[in-house]
Asks: 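Before I ask anything, here is the structure I am working with.
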Amino acid sequence: MERIEIKSLLQSKPEDQAVLVKGWVRTFRANRFIALNDGSTLNNLQVVVDFENFDDAVLKNINTGAALAVEGKLVASQGSGQAVEVLAEKIDVLGTADPDKFPIQPKKHSLEFLRENAHLRMRTSTFSAVFRIRHAVAYAIHKYFNDRGYFYMHTPIITGSDAEGAGEMFGVSTLPMGNPPKDEDGKIDWKEDFFGKATNLTVSGQLQAETGAMALGKVYTFGPTFRAENSNTTRHLAEFWMIEPEVAFYDLKDNMDLAEDFVKYLITHVMEHNKEDLTFLDQRIKNEEKNMKAELRRPMGLIETLEFVVNNEFERITYTRAIEILRNSKPYKKKKFKFPVEWGKDLQSEHERFLVEKEFKKPVIVTDYPKVIKAFYMRQNEDDKTVAAMDILFPGIGEVVGGSQREERLDLLLKRMEEMDIPEEELWWYVDLRKFGTAPHSGFGMGFERMVQFITGMGNIRDVIPYPRTPKSAEF
Ligand code: 4AD
Ligand code: MG
């Protein structure tokens, strides 16, 4: 008999037909009701066992976590809570799970405990919902760009230039670490290394994506990105995935319109395709907040928040205006901010959250940051002080998108590189774009996990990637 997945089975009409299902036991109640899950859906299938028809040897192995193959009849359910159920006729225990040893028991486990058992946590409702949604967001990203004529470009993971300046880098080398070859000055001789030069894991595919945009017009990257910064926060990973569209002939306004439309599309896609998973995660947060003080609870439920983001225009303000608002704010006047609010200093997460959560109560796009706090490639504004940058700030998360119009004017780019000590020899190919058919262009980077975090409402970014890489942690 051919196996049917539980997702399809639950939508089938019960007509006493014979079915074969396979999955893992979530619970086995009263020696009679198995809740079976195969990952295809959040919902479990109820399998009804008449224990008189089965050997004790089989029954004693039906424990939480065991893998089963069940043959039986699909019937309308007698109980409430499910429309159909399977009356078991034959049960094969494919793999047992010792109840004294299997860590995931049918009770509430803390997220920290589950992180330590990340190889098994996808077997819980919460994590299976998160990872089905993660898949849906990844699919929607490709669909969005494909439907609009963009080309998916694979930028290198190992890079030979460390000039992007997006963050600290991980080196890539095959030289013996204990005893590397040295040059005349006693420094490591990278010429002897695999690539004949020092190389790193990429912090961004943007610079290469720009070369694609200046040929194919509209491209995007979607790949792993690495940052060796020692940030132990709920929003930072050392290995994360980033989506970077890059578009020829786009200015900053076009770029913001694209980014806003794009993130709204992704959220809408999940609301349409992952209703059950979202409803479950929404309820999960509500349960968690039941015993919390009112001021600690989120102002809106998860689905409500997503609807709100999709249905409202993002606020667009300049960095200069943001500083004004912050300096006139209550927390500033009452000295509640830890970090200084001064024109020329970067916005910290406390400032971003004030703007989004207190001042505007919706996503905010901050534009035209001081050039001193932004990368060399951002297009310089007329005022000589700011650049055509934009960050999208989300409630609870802070920055989800960072982008800019790029400096397409050769002289201005070279001047900025010199000021920032970026050697032209290293980025000669990037500079070439400004020599041969230069044109205005723009792009941005969206942190994939931050977006998934926002959509699933998970508080910690480590809970939306299967195997998080963070300082002092690379298990699994
Ligand atoms: O703002 P960032 O550093 O921008 C760039 O790398 C540009 N090259 C993007 C571009 O214009 N093409 O990073 C972009 C986004 C951030 O807004 C954030 O969402 C995410 O990447 N991000 C991280 N996500 C998880 N962990 C980290 N350590 C992250 N650092 C950045
Ligand atoms: Mg940024």
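Counting starts at 1 for both ligands and their atoms, following the listed order.
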Asks: Please check this pair: side chain of Asn255 against backbone of Gly443, looking for a donor-acceptor N/O pair closer than 3.5 Å.
Replies: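 Yes.
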Asks: Give the atoms of ligand 1, by number and element, whose distance to some non-hydrogen atom of Glu244 is under 4.0 Å.
Replies: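 Those qualifying, in numeric order: 7 (C), 8 (N), 9 (C), 10 (C), 12 (N).
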Asks: Any heavy atom of Gly403 sitting closer than 4.0 Å to ligand 1?
Replies: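 It does; at least one heavy atom falls under 4.0 Å.
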Asks: Answer side chain, backbone, both or neither: which part of Tyr377 comes under 4.0 Å from ligand 1, heavy atoms only.
Replies: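 Only the side chain of Tyr377 comes within reach of ligand 1.
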Asks: Strictly under 4.0 Å, does any heavy atom of Met451 approach an atom of ligand 1?
Replies: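 Per 4.0 Å heavy-atom rule, Met451 does not contact ligand 1.
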Asks: Does Glu399 approach ligand 1 within less than 4.0 angstrom via side chain, backbone, both or neither, non-hydrogen atoms only?
Replies: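 Under 4.0 Å from ligand 1, Glu399 contributes backbone and side-chain atoms.
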Asks: Only one of Val400, Val130, Ile461 forms a side-chain contact (heavy atoms from CB on, under 4.5 Å) with Gln453, so which one is it?
Replies: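 When side-chain contact (heavy atoms from CB on, under 4.5 Å) is applied between Gln453 and each of Val400, Val130, Ile461, only Ile461 qualifies.
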Asks: Any donor-acceptor pair under 3.5 Å linking the side chain of Glu350 with the backbone of Phe339?
Replies: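 Checked: pair present.
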Asks: Give the intermediate values and the outcome of side chain to side chain donor-acceptor pair (under 3.5 Å) for residues Asn287 and Gln283.
Replies: CA-CA 6 Å; Asn287 294 342; Gln283 196 53 50; 3.2 Å; yes
Asks: Using a 4.0 Å cutoff against the non-hydrogen atoms of Arg406, which atoms of ligand 1 qualify?
Replies: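 Heavy-atom distances to Arg406 below 4.0 Å select 10 (C), 11 (O), 12 (N).
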Asks: Heavy atom of Phe394 under 4.0 Å from ligand 1?
Replies: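 Judged by the 4.0 Å heavy-atom criterion, Phe394 does not count as contacting ligand 1.
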Asks: Please evaluate residues Arg379 and Asp251 with respect to the criterion salt bridge (Lys or Arg N to Asp or Glu O under 4.0 Å), reporting the C-alpha separation (whole Å), side-chain torsions for both, the decisive distance (0.1 Å), and the verdict.
Replies: CA-CA 10 Å; Arg379 193 177 197 278; Asp251 65 12; over 6 Å; no
Asks: Is the closest heavy-atom distance from Arg227 to ligand 1 below 4.0 Å?
Replies: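 It does; at least one heavy atom falls under 4.0 Å.
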Asks: Salt bridge check: are Lys191 and Asp183 linked by an N-O gap of less than 4.0 Å?
Replies: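 Result for this pair is no, no salt bridge flagged.
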Asks: Below the 3.5 angstrom mark, is there an N/O of Ser404, backbone or side chain, next to an N/O of ligand 1?
Replies: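 It does not: no N or O of Ser404 is found under 3.5 Å from an N or O of ligand 1.
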Asks: Tell me whether ligand 1 is touched by Glu246 - counting only heavy atoms on the residue side and a distance under 4.0 Å.
Replies: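 So Glu246 does not count as touching ligand 1.
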Asks: Have a look at ligand 1 and work out which part of Val401, if any, has a heavy atom under 4.0 Å from it: side chain, backbone, both or neither.
Replies: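 It is the backbone that gets close, since no side chain atom is under 4.0 Å.
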Asks: Which is the closest N/O/S atom of Glu399 when seen from the Mg ion (ligand 2)?
Replies: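 When I compare the N, O and S atoms of Glu399, OE2 is nearest to the Mg ion (ligand 2).
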Asks: Applying a 4.0 Å heavy-atom criterion (strictly less than), which segment of His236 is in contact with ligand 1: side chain, backbone, both, or neither?
Replies: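 Answer for His236: both.
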Asks: Can you tell me which portion of Gln405 lies within the under-4.0 Å heavy-atom range of ligand 1? Options are side chain, backbone, both, or neither.
Replies: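 Looking at Gln405 and ligand 1, no heavy atom falls under 4.0 Å.
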Asks: Which of the atoms of ligand 1 are close to Glu229, meaning less than 4.0 Å from one of its heavy atoms?
Replies: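 Near Glu229, meaning under 4.0 Å from one of its heavy atoms, ligand 1 has 28 (N).
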Asks: Check Lys286 with Asp282, please: is the shortest side-chain N to carboxylate O separation under 4.0 Å?
Replies: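 Counted as a salt bridge, because a side-chain N and a carboxylate O are separated by less than 4.0 Å.
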Asks: Taking 4.0 angstrom as the limit and counting only heavy atoms of Gly447, give me the atoms of ligand 1 inside it, by number and element.
Replies: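 Ligand 1 atoms under the 4.0 Å threshold to Gly447: 15 (C), 19 (O), 20 (C), 21 (O).
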Asks: What part of Phe240, side chain from CB on, backbone N/CA/C/O, both or neither, has a heavy atom under 4.0 Å from ligand 1?
Replies: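 Side chain only.
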Asks: Within the side chain of Arg132, is there an N or O that forms a donor-acceptor pair under 3.5 Å with the backbone of Gly39?
Replies: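 Yes; at least one donor-acceptor contact below 3.5 Å.
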Asks: Does atom OH of Tyr139 have more than 12 heavy-atom neighbours, drawn from other residues, nucleotides or ligands, at distances under 6.0 Å?
Replies: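 Atom OH in Tyr139 is not crowded, with 12 or fewer foreign heavy atoms closer than 6.0 Å.
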Asks: Find all atoms of ligand 1 within a distance of less than 4.0 Å from any non-hydrogen atom belonging to Gly402, and give their numbers and elements.
Replies: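 So the answer, numbered in order with elements, is 9 (C), 10 (C), 11 (O), 17 (O).
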Asks: Heavy-atom contacts with Arg235 under 4.0 Å: which atoms of ligand 1 show up? List them by number with element.
Replies: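 Ligand 1 atoms under the 4.0 Å threshold to Arg235: 25 (C), 26 (N).
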Asks: Do side-chain atoms of Lys361 reach the backbone of Lys358 as a donor and acceptor pair under 3.5 angstrom?
Replies: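 Checking the backbone N and O of Lys358 against the side chain of Lys361, a donor-acceptor pair under 3.5 Å is found.
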Asks: Within less than 4.0 angstrom of ligand 1, does Lys374 place any heavy atom?
Replies: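 Lys374: no contact with ligand 1 (<4.0 Å).
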Asks: Show the atoms of ligand 1 that are less than 4.0 angstrom away from any heavy atom in Met242.
Replies: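 This gives 6 (O), 13 (O), 14 (C), 15 (C), 21 (O) as the contact atoms.
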Asks: Considering only heavy atoms of Val400, which atoms of ligand 1 have at least one such atom less than 4.0 Å away?
Replies: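 Those atoms are 17 (O), 19 (O).
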Asks: Using 4.0 Å as the upper bound for N to carboxylate O, is an ion pair formed by Arg298 and Glu304?
Replies: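 No, this pair does not count.
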Asks: Start with the C-alpha gap between Gln206 and Tyr377, add the side-chain angles, then the distance that decides, and say whether side chain to side chain donor-acceptor pair (under 3.5 Å) holds.
Replies: CA-CA 10 Å; Gln206 176 198 323; Tyr377 51 71; 3.0 Å; yes
Asks: Consider salt bridge (charged side-chain N to carboxylate O under 4.0 Å, His left out). Of Arg235, Arg134, Arg469, which one does Glu449 pass it with?
Replies: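 Among the candidates, only Arg134 passes.
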